[in-house]
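Okay, structure first, notes after.
Everything quoted here is computed from the prediction, not taken from an experiment. The first residue in the sequence is number 1, and the count goes up from there. Ligands are counted one by one from 1 in listed order, and the atoms in each one are counted from 1 as well.
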Amino acid sequence: MTPEDYDVLFEQSLDEAAFSNSDEGLGWTEANCATCVHDRPARQGDPARGCPLILVSLMDRRPVQWIDGPLDEHGAYSLAGQYHCVEYRHEDDGPTDPEPIPDPPGQLELFPREPYTGVRMWLRPNPAAFPAGKGAVS
Ligand code: SF4
């Protein structure tokens, strides 16, 4: 995923605001995007190369890559855990994009890989740090 993917990501996004107010938005991005490799250029002073999903959310759309986080027994979610971004990748966690295991040399492919590759689910920054029910109510 790169900033050039913005148009496609915008097209895929849901026509609903991701956050009900700026506090929610800042709380979530500070807890999740602040360590993510996709927004590192913005943190280093190049906002044009920042995460395109954040830009999508600023257009009052919800990226489909943001799936609902856990709710507590009262149906409340935490600010930090409101969404789980499937594109999250810690900035110290290696290359940006998944790297498929190469085919062994001389090995024929039974099926082409392409249709079976897709978004890979990365771990949350630290699930234990984001218990449900510490922030807004859904
Ligand atoms: S990929 Fe997800 S977690 Fe990472 S900066 Fe973008 S919106 Fe934030």
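Atoms SG and CD1, on C36 and I54 in that order, are 8.0 Å from each other to the nearest 0.5 Å. If you take CH2 on W66 and CD on Q82, they are separated by 9.0 Å, rounding to the nearest 0.5 Å.
Looking at R43, its side chain never comes within 3.5 Å of a backbone N or O of V37 through a donor-acceptor pair. Remark: the backbone N or O of T29 is not paired with any side-chain donor or acceptor of N32 at under 3.5 angstrom.
Looking only at protein N/O/S atoms, the ones less than 2.8 Å from atom 6 (Fe) of ligand 1 make 1 in total.
Those atoms of ligand 1 that come under 4.0 Å of a heavy atom in W66, given as number and element, are 7 (S).
Of the charged side-chain nitrogens involved, at least one lies within less than 4.0 Å of a carboxylate oxygen, so that D68 and R62 count as a salt-bridged pair.
For E11, there are no side chain to side chain contact (heavy atoms under 4.5 Å, CB included) partners two or more places apart in sequence or in a different chain.
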